[in-house]
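Heavy-atom basis, side chains included; hydrogens, waters and symmetry copies ignored. All figures in this text were calculated on a predicted structure; none of them were measured in a lab. In listed order, ligands and their atoms are each counted from 1. Numbers here are sequence positions counted from 1.
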Amino acid sequence: MQRYIDRSKEYLAKRDRYIRDVVKKWKFDTIAVHGLYSVEEAIEDYQGSTIEPIFMSTSQAYRDSDEMIAAQTYLIPTWAYSRIANPSTYYYEWTLALLDGYGFDGETTCCSTSSGMAAIMTAVQPFLVHKKHHVHEPRNFVATAQCYGGTFQHFNVRLMEERDIECRWVLDPTNLDEWASKIDENTRFLYGELPSNPQLGFFDIAAVADLAHSHNLPLICDSTVATPALLRPICHGADVVVQSVTKSMTSSGFGTCGAVIARKNLVTNIDNDDLRKDFALYIKYMPNRDYGPNLHPLQAVMTLNDLRTLRSKMDLMSRSTLTVSEFLLKHPQIESVQYLGLPNHPLHKLASKYMWLVDAEYDDLYRKPVNRYGHLMSFCIKGGSQPARKFFDGLQRIWRATDLGRIKSIATIPSISTHQQQGESGRKLANIPDNLVRLCVGAEHPDDLIADLDQALHQIKTSTSVRVPAQVG
Ligand SMILES: *Cc1c(COP(=O)(O)O)cnc(C)c1O
């Protein structure tokens, strides 16, 4: 068995050197294109395939019983069984770990999951274990109320109602005192989504991370809307990042996937060395082995393909979103426009502190740091939910779907879709009015999007003038 262990030590040392001496020195775009998949590895192991291998096999075969024992006890790197690991998901995990860890001077690792919700479940469960092994142990965590509808349900129903784990909602995450007032000796972690979907909530990551750490707690961030091209919370002190990779990172819309990215040696009051030292690897090899929210290898490689151009896509779509939001701001049928890139947005200054197009200073177009605010925006239609529905139904080029982060522009009305489950009181808590339209701008030319929005807004007027007399009659 020793020869297998020795050989894999050699392999791991070589890989770590490659990461340290080569990959970590690359710019963001190069990491996004190649990750850890090298020419050498392709030729030696994968018959020269220029694209990462898609290994659909459920399991890996071993040379003999020695190698099997070493693999099953995690003494050598192995993929054993695709619920636990797989060569295709391996490349996916390393690319995401390196992108979310870009510019961070420590180490990051990643555990792939089948969806963003699986990433959230996977990231929070290990911090919620019973510490004293008695069933009525009070446990709580503190989270931003402005969050994705699925996250709200997960925390509110699955954890609070069904399992008696208290979620303490922060209503104004820019208020550090509100965060602080909700922490006590039974708190396990702080959780924040930023920018939040769809309300674009934001908070001071470094300040909240400091607060968490002063209580020996980790900060978990959902950074789906920004993607690592615009924001990398771990660089600002966060311990764990969850990503719905389904969204902008798989902009083609080919399937759901997620990721948990964590820095090594995170802060926690849970007494578990493996968990603390390498959280992502721990959840991959332990809890997720037993829960089974694994990513399909085909999906992993399709997503890798989308990820290669992430930076330039996020730049293009951010610029178009600003153009579209400036058009809407001036439109008489629009009550308000929410976009972090607009100087009149109350969180514009705070977001500008954190949201930067990665490597803009090395980009011939810019040659200096530039702020970019992503491609999620929302706006309220004058007159309430009926005109909002009329406008929505009138869209011709922009798709009506509960989706986000696509290469194609997509709009939704959150109160009847993504945030419908949480009811009126939940929506009030999260600040989602009925006339709010969420728009996620894609890569079309913004002139064509503006034309579509304009004609749909025009339909509100024409339809009411036809309807009113009929109703009176
Ligand atoms: C969509 C979304 C999720 C859930 O991701 P899935 O991949 O759909 O499971 C979580 N957080 C945010 C911010 C999202 O937009």
Side-chain angles (χ1 to χ4, degrees), residues 89 92 96 100 110-125 143-159 167 173 191-203 205 220-231 233 238 240-261 288 291-296 299-300 302-303 306-307 314 317 338 340 351 355 373-378 401-406 410-414 417-422 430-432 436 438-442:
T89 55
Y92 168 102
L96 290 169
D100 247 304
C110 169
C111 173
S112 56
T113 60
S114 54
S115 69
M117 289 317 301
I120 293 168
M121 177 192 77
T122 292
V124 304
Q125 289 301 340
T144 52
Q146 294 193 337
C147 63
Y148 176 66
T151 308
F152 187 89
Q153 288 295 106
H154 185 136
F155 291 174
N156 222 42
V157 180
R158 302 304 146 217
L159 297 183
C167 173
Y191 183 99
E193 183 177 316
L194 84 169
S196 71
N197 167 15
Q199 319 90 325
L200 300 168
F202 211 88
F203 58 87
I205 309 170
I220 304 173
C221 289
D222 181 337
S223 178
T224 298
V225 169
T227 81
L230 305 182
L231 172 67
V240 179
V241 167
V242 290
Q243 295 280 8
S244 170
V245 184
T246 314
K247 308 293 168 55
S248 311
M249 290 200 266
T250 309
S251 57
S252 59
F254 283 161
T256 64
C257 44
V260 178
I261 300 108
N288 279 16
Y291 289 132
N294 57 293
L295 179 63
H296 194 279
Q299 184 62 51
M302 287 203 297
T303 294
D306 271 329
L307 272 172
M314 290 308 286
M317 299 199 279
Q338 291 87 43
L340 290 171
M355 295 189 70
Y373 303 89
H375 58 134
L376 176 65
M377 62 167 302
S378 59
T402 56
D403 212 345
L404 176 158
R406 296 289 151 251
I410 284 181
T412 188
I413 298 180
S417 56
T418 51
H419 289 67
Q420 174 268 329
Q421 307 157 11
Q422 65 195 70
N431 193 16
I432 312 253
L436 181 88
R438 183 184 79 181
L439 175 64
C440 212
V441 174

Looking only at side-chain N and O atoms, does Thr402 offer a donor or acceptor that is under 3.5 Å from a partner on Thr412? no
All heavy atoms of Phe203 vs all of Leu194, minimum pair found to be O-CD1, 3.6 Å
Distance-only side-chain donor-acceptor flag, Ser378 / Gln338, under 3.5 Å: yes
Determine the sole option in Asn288, Ile120, Leu295 for which the side-chain contact (heavy atoms from CB on, under 4.5 Å) test with Thr113 is passed. Asn288
Closest non-hydrogen atom pair between Thr89 and Ser112, with its separation: CB-OG, 3.8 Å
How far apart are the closest heavy atoms of Pro173 and Thr144, and which atoms are they? CB-CG2, 3.7 Å
In a simple table, one pair per line, please give the protein and ligand 1 atom names for every N or O pair closer than 3.5 Å, along with the distance.
unit_1: ligand 1; atom_1: 5 (O); unit_2: Ser244; atom_2: OG; d: 2.9
unit_1: ligand 1; atom_1: 7 (O); unit_2: Gly116; atom_2: N; d: 2.8
unit_1: ligand 1; atom_1: 7 (O); unit_2: Ser244; atom_2: OG; d: 2.9
unit_1: ligand 1; atom_1: 7 (O); unit_2: Thr246; atom_2: OG1; d: 2.6
unit_1: ligand 1; atom_1: 9 (O); unit_2: Gly116; atom_2: N; d: 3.0
unit_1: ligand 1; atom_1: 9 (O); unit_2: Met117; atom_2: N; d: 2.8
unit_1: ligand 1; atom_1: 11 (N); unit_2: Asp222; atom_2: OD2; d: 2.7
unit_1: ligand 1; atom_1: 15 (O); unit_2: Asn197; atom_2: ND2; d: 2.9
unit_1: ligand 1; atom_1: 15 (O); unit_2: Lys247; atom_2: NZ; d: 2.8

